[in-house]
Student: 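Quick one: the structure is below, and I'll ask about it shortly.
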Amino acid sequence: MGSTSAEHTGTAAENASTPDSTGTRAGTGRRDLIKRATALGLLAVPATGLLSACASGGGGDDQDKAEAGEKTAENPLGVNHGAPLEFVLFDGGFGTEYAEDAVRIYEENFPDATVKFSATQKIQTTLQPRFNQGTPPDLIDNSGAEQMDMGVLVGKKQLADLTPLLDAPSYDDPDKKVRDTLRPGIVEMGQFDGEKVWVFYYAYTVYGVWYSQKALDSLDAAYPKTWDEMLAVCAKAKKKGKAGWTYAGKYPYYIPFSLYPMIAKVGGVEVLDAIDHLEPNAWKHPAVKACFEAYYELYRKGYVLRGTPGLDHVQSQTAWAKGDALFLPNGSWVENESANVIPGDFGVTVSAPSGLDSSDKLPFGTVWASGGEPFIVPAKAKNGTGGMEQLRIMLSEASSQNFTSKVKSLSAYNGGTDGIELTPGLESGVAALELAGDNVVNPRIQDWYVKLHKEQIGVGCLGEMMAGRLTPAEAVKKIQGYADDTAKDPSIKHYKHQ
């Protein structure tokens with residue numbers, strides 16, 4: 001989802017006034033960096049074309065691949081020192097600077113290599129034809145609204161197994177493997193159908209309900225732990241001329257950032273697992289219906305900011321930052337993505353979602369947190385080993401610290417916060433993880449079945465329900481139908497939790 005990922009998951013997303021992917025680095029030694037993006041934007045394009053485009057791949061056979069280099073202590077993956085490297089980054093909520101800094105290290109380590117670095121919001125539009133031609137880049141940050149469907153890429157054998165990277169010595173400690181430096185769950189997220197790891201999630205995202213502590217204090221209110229308390233806080237806000245909630249109405253697949261963990265809290269993790277597995281009637285579970293009805297009550301009581309269904313993520317985040325609404329479902333990239341509009345005394349805070357009542361299966365604090373910003377190395381990349389080495393560099397302690405300090409988000413590296421003054425949002429995210437303990441959920445439907453999650457569940461049902469155009473019962477029925485169709489479609493590869 002990525003920064004994000006708009007997701008972030010989720011994503012993070014982009015905004016409408018963004019440069020195209022023409023920024024390039026080339027040459028040896030220290031090279032000019034591409035001009036850094038000054039605006040963040042989003043172009044919503046359905047991620048459906050990849051289904052056919054990735055089914056075939058002409059060109060790009062093994063004869064085009066760079067010859068292996070000598071494996072040494074300094075070069076454990078055996079990167080060819082003179083092989084060109086191409087790296088395409090999603091230019092979203094995390095920006096480009098953290099990756100440019102890591103690319104500079106690659107250039108210093110391999111001064112004979114030519115590095116081409118570019119950033120774009122249009123991942124699918126830019127790269128789908130190249131996958132089809134068998135000429136993809138060596139490393140891709142596959143995130144944003146135009147994220148290529150990872151389940152399809154894995155099913156069509158378009159990705160390289162990243163196990164060599166994970167089993168390589170870490171950048172800082174040769175006695176420790178890369179996999180041993182990562183946060184819990186990162187490796188498992190990249191596994192779709194067994195032990196092989198196809199995707200590496202670089203960011204570590206806390207999803208939930210974001211709010212201003214200052215705004216909540218002004219209402220003399222505490223963060224609500226039950227839904228009755230949530231409605232009471234929203235009623236207080238309404239009396240003060242402030243909406244309870246807003247969200248990315250044009251991209252309503254942001255709503256699950258708080259809705260899915262609420263479903264798990266109410267009904268147990270097994271409810272989300274059944275949804276991930278496309279089980280019959282999974283969406284008809286009482287916990288799902290109860291949570292849908294709770295969210296619909298926000299609309300019915302007039303607690304959603306007027307005009308929200310027409311807002312994109314940037315507009316909704318701006319309205320939230322201006323104090324027009326109290327609560328916003330989002331991921332931890334929001335603090336960086338909206339830094340230019342968030343007041344200094346805002347008190348950016350994230351919390352796990354409110355539950356229903358004391359009958360909930362899991363305690364308050366149950367939160368969705370997982371890897372975000374998915375990086376992939378295409379199977380037909382000419383210098384895939386170089387792409388893995390670039391990721392190894394990014395997983396050093398120094399690069400992780402650089403990422404965290406610049407984008408206000410944790411990375412997959414299990415550490416990297418020593419000596420860094422945490423921002424309010426990041427500090428609250430760490431606190432939310434501590435409160436959750438073992439009650440951290442990670443719905444996989446968002447990356448296993450991207451079209452189902454974004455277009456059908458998000459835009460087609462949740463967005464319609466929150467705009468008052470579908471009742472909760474109608475939304476549940478439609479979603480179950482979409483899930484059943486996905487489960488029965490033989491052209492779609494299906495996945496299970498390992």
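Side chains included, hydrogens not; waters and symmetry mates left out as well; all remaining heavy atoms used.
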Student: Kindly indicate whether the side chain of Tyr260, heavy atoms from C-beta on, has any atom under 4.5 Å from the side chain of Pro353.
Tutor: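 A side-chain contact is absent here, since even the closest heavy-atom pair is not under 4.5 Å.
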Student: Which residue in the set Tyr211, Trp210, Trp320 passes ring pair (Phe, Tyr, Trp, His ring centres under 6.0 Å) when paired with Phe346?
Tutor: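 The ring pair (Phe, Tyr, Trp, His ring centres under 6.0 Å) with Phe346 is passed solely by Trp320 among Tyr211, Trp210, Trp320.
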Student: Going by salt bridge (charged side-chain N to carboxylate O under 4.0 Å, His left out), name the residues that satisfy it together with Glu464, two or more places apart in sequence or in a different chain.
Tutor: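 So Glu464 forms a salt bridge (charged side-chain N to carboxylate O under 4.0 Å, His left out) with Arg469.
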Student: Carefully, step by step, assess Tyr413 and Phe403 under the rule ring-ring contact (aromatic ring centres under 6.0 Å, His included).
Tutor: CA-CA 10 Å; Tyr413 177 81; Phe403 175 80; over 10 Å; no
Student: Flag this pair as yes if the NZ/CZ of Lys454 is under 6.0 angstrom from the six-membered ring centre of Tyr253 and inside a 45 degree cone about the axis; otherwise no.
Tutor: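 The answer is yes; both the distance and angle limits are met.
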Student: Sub-3.5 Å donor-acceptor pair from the side chain of Thr404 to the main-chain atoms of Thr417, do we have one?
Tutor: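 No: the side chain of Thr404 does not pair with the backbone of Thr417.
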Student: Heavy atoms, side chains only, cut-off 4.5 Å: are Tyr201 and Asp447 in contact?
Tutor: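 Yes, close enough: below the 4.5 Å cut-off.
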Student: Would you mind listing every salt bridge (Lys or Arg N to Asp or Glu O under 4.0 Å) that reaches into residues 314-334, with sequence neighbours excluded?
Tutor: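 Qualifying pairs: none.
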Student: Does atom CG of Asn340 have more than 12 heavy-atom neighbours from other groups under 6.0 Å away?
Tutor: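 Check passes, neighbour count above 12.
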Student: Would you check if Trp198 and Leu153 make a side-chain contact, meaning some heavy-atom pair closer than 4.5 Å?
Tutor: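 The answer is no, as the side chains (C-beta and beyond) never meet within the 4.5 Å cut-off.
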Student: How many angstroms lie between atom OG1 of Thr226 and atom CE of Met230, to the nearest 0.5 angstrom?
Tutor: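 Output value for this atom pair is 9.0 Å.
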Student: Please assess Gln390 against Val103 for the test side-chain contact (heavy atoms from CB on, under 4.5 Å), listing each intermediate value before the final yes or no.
Tutor: CA-CA 7 Å; Gln390 180 66 82; Val103 167; 3.5 Å; yes
Student: Contact between Thr318 and Val314 at the side-chain level, heavy atoms closer than 4.5 Å - yes or no?
Tutor: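 Heavy-atom side-chain distance check passes, below 4.5 Å.
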Student: Can you name the one residue among Tyr207, Phe327, Tyr251 that meets ring pair (Phe, Tyr, Trp, His ring centres under 6.0 Å) with Phe257?
Tutor: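 Among Tyr207, Phe327, Tyr251, the one that satisfies the ring pair (Phe, Tyr, Trp, His ring centres under 6.0 Å) with Phe257 is Tyr207.
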Student: So, Gln121 side chain and Gly144 main chain: donor-acceptor pair closer than 3.5 Å or not?
Tutor: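 Side chain of Gln121 to backbone of Gly144: no pair is present.
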Student: Can you sort out the partners of Gln213 under side-chain hydrogen bond (donor to acceptor under 3.5 Å, both in side chains), two or more places apart, ordered by chain and number?
Tutor: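 By the side-chain hydrogen bond (donor to acceptor under 3.5 Å, both in side chains) rule, Gln213 matches Asp217.
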Student: Specify the closest pair of heavy atoms between Thr205 and Gly372, including all atoms of both residues, with the distance to one decimal.
Tutor: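 Heavy atoms of Thr205 and Gly372 come nearest at OG1-CA, 4.1 Å.
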Student: Would you name the heavy atoms of Val367 and Ala436 that are closest together and state the gap between them?
Tutor: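 In this case the closest contact between Val367 and Ala436 is CG1-CB, 3.6 Å.
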Student: Less than 6.0 Å separating the ring centroids of Phe200 and Phe375?
Tutor: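 Aromatic pair excluded; centres sit 6.0 Å or further apart.
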Student: Please round to the nearest 0.5 Å and tell me the distance separating atom CG of Asn330 and atom OG of Ser338.
Tutor: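 It comes to 7.5 Å.
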Student: Of all the heavy-atom pairs spanning Gly93 and Asn336, show the shortest one and how long it is.
Tutor: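 For Gly93 versus Asn336, the nearest heavy atoms are O-ND2, 2.6 Å.
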Student: Any chance you could measure Asn442, atom CG, to Glu188, atom CD, to the nearest 0.5 Å?
Tutor: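 So the CG of Asn442 and the CD of Glu188 are separated by 10.0 Å.
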Student: Do any N or O atoms from the side chain of Glu373 and from the backbone of Ala203 form a donor-acceptor pair under 3.5 angstrom?
Tutor: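 Absent.
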Student: Sequence neighbours excluded, which residues qualify as side-chain hydrogen bond (donor to acceptor under 3.5 Å, both in side chains) partners of Ser358?
Tutor: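 Listed in chain order: nothing, the list is empty.
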Student: Working to the nearest 0.5 Å, report the span between CD1 of Ile457 and CD1 of Ile255.
Tutor: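 Reported to 0.5 Å precision, the distance equals 12.0 Å.
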Student: With the threshold set at 4.0 Å, does a side-chain nitrogen-carboxylate oxygen contact exist between Asp276 and Arg444?
Tutor: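 Result for this pair is no, no salt bridge flagged.
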Student: If only atom types and distance count, is the side chain of Gln480 paired as donor or acceptor with the main-chain N or O of Ala282 below 3.5 Å?
Tutor: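 The answer is yes, because a donor-acceptor pair under 3.5 Å joins these two groups.
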Student: Would you please name every residue forming a side-chain hydrogen bond (donor to acceptor under 3.5 Å, both in side chains) with Tyr171, sequence neighbours left out?
Tutor: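 Tyr171: side-chain hydrogen bond (donor to acceptor under 3.5 Å, both in side chains) contacts with Asn109.
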Student: Taking side chain as C-beta onward, heavy atoms only, is Leu182 less than 4.5 Å from Leu166?
Tutor: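 Yes - at least one pair of side-chain heavy atoms lies under 4.5 Å apart.
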Student: Stepwise, does the ring-ring contact (aromatic ring centres under 6.0 Å, His included) test hold for Tyr495 with Phe192?
Tutor: CA-CA 6 Å; Tyr495 300 101; Phe192 282 64; 5.1 Å; yes
Student: Which residues satisfy the salt bridge (charged side-chain N to carboxylate O under 4.0 Å, His left out) test with Lys214, sequence neighbours excluded?
Tutor: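 Partners of Lys214 under the salt bridge (charged side-chain N to carboxylate O under 4.0 Å, His left out) test: Asp345.
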Student: Less than 4.5 Å apart, side chain to side chain, heavy atoms only: is that true for Leu452 and Leu278?
Tutor: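 The answer is yes, as the side chains (C-beta and beyond) meet within the 4.5 Å cut-off.
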Student: Which residues pass the side-chain hydrogen bond (donor to acceptor under 3.5 Å, both in side chains) test with Ser399, not counting sequence neighbours?
Tutor: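 Per chain and number, Ser399 pairs via side-chain hydrogen bond (donor to acceptor under 3.5 Å, both in side chains) with Ser396.
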Student: How far does NE2 of His313 sit from OG1 of Thr246, to the nearest 0.5 angstrom?
Tutor: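 The NE2 atom of His313 sits 13.0 Å away from the OG1 atom of Thr246.
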Student: Is the backbone of Gly347 close enough, under 3.5 Å, to the side chain of Thr349 for a donor and an acceptor to pair up by distance?
Tutor: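 Yes, Thr349 side chain to Gly347 backbone: donor-acceptor pair under 3.5 Å.
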Student: Please tabulate, one pair per line, all N/O donor-acceptor pairs under 3.5 Å involving side-chain atoms of residues 422-432, not counting sequence neighbours.
Tutor:
| unit_1 | atom_1 | unit_2 | atom_2 | d |
| --- | --- | --- | --- | --- |
| Thr423 | OG1 | Glu335 | OE1 | 2.8 |
| Thr423 | OG1 | Glu335 | OE2 | 3.2 |
| Thr423 | OG1 | Leu426 | N | 3.4 |
| Ser428 | OG | Val350 | N | 3.0 |
| Ser428 | OG | Gly425 | O | 2.8 |

Student: So, for Ala352 and Tyr223, which heavy atoms are closest and what is the spacing to 0.1 Å?
Tutor: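 Of all heavy-atom pairs spanning Ala352 and Tyr223, the closest is O-OH, 2.9 Å.
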Student: Can you see whether Asp141 engages Ser143 through a side-chain donor-acceptor pair at a distance of less than 3.5 angstrom?
Tutor: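 There is no such pair (donor and acceptor under 3.5 Å, judged by atom type) between the side chains of Asp141 and Ser143.
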Student: If you take all heavy atoms of Lys236 and Leu219, which pair is closest and at what distance?
Tutor: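 Where Lys236 meets Leu219 most closely, the heavy atoms are NZ-O, 3.1 Å.
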Student: Verify, without hydrogens or angle tests, whether Asp360 (side chain) and Leu362 (backbone) share a donor-acceptor contact under 3.5 angstrom.
Tutor: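 The answer is no, because no donor-acceptor pair under 3.5 Å joins these two groups.
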Student: How long is the straight-line distance from NZ of Lys122 back to CG of Asp91, given to the nearest 0.5 Å?
Tutor: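 The NZ atom of Lys122 is 12.0 Å from CG of Asp91, to the nearest 0.5 Å.
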Student: Run the side-chain donor-acceptor check on residues 286-304: report pairs under 3.5 Å with partners two or more places apart or on a different chain.
Tutor:
| unit_1 | atom_1 | unit_2 | atom_2 | d |
| --- | --- | --- | --- | --- |
| Tyr295 | OH | Ser258 | OG | 2.7 |

Student: Report yes if the side chains of Pro256 and His453 come closer than 4.5 Å at any heavy-atom pair, otherwise no.
Tutor: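 Sidechains of His453 and Pro256: in contact.
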Student: If you look at every heavy atom in Met189 and Ser370, which pair is closest and at what distance?
Tutor: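 Minimum heavy-atom contact is SD-CB, 3.6 Å.
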Student: Under the rule for salt bridge (charged side-chain N to carboxylate O under 4.0 Å, His left out), what residues qualify as partners of Arg183, not counting sequence neighbours?
Tutor: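 Listed in chain order: nothing, the list is empty.
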Student: Side chains of Ser400 and Tyr204: does their closest heavy-atom pair fall under 4.5 Å?
Tutor: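 Result no, sub-4.5 Å side-chain heavy-atom pair not found.
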Student: If the condition is salt bridge (charged side-chain N to carboxylate O under 4.0 Å, His left out), which residues does Arg179 pass it with, not counting sequence neighbours?
Tutor: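 Result, salt bridge (charged side-chain N to carboxylate O under 4.0 Å, His left out) vs Arg179: Asp167.
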Student: Under the criterion side-chain contact (heavy atoms from CB on, under 4.5 Å), I'd like the reasoning laid out for Lys265 against Phe364: C-alpha separation, chi angles, the key distance, then a yes or no.
Tutor: CA-CA 8 Å; Lys265 182 184 187 312; Phe364 175 75; 4.1 Å; yes
Student: Partners of His277 by ring pair (Phe, Tyr, Trp, His ring centres under 6.0 Å), sequence neighbours excluded?
Tutor: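 Per chain and number, His277 pairs via ring pair (Phe, Tyr, Trp, His ring centres under 6.0 Å) with His497.
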Student: Can you tell me how the ring of Phe94 sits relative to the ring of Tyr98, calling it parallel under 30°, perpendicular over 60° and tilted otherwise?
Tutor: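 Rings of Phe94 and Tyr98: perpendicular, as their planes differ by over 60°.
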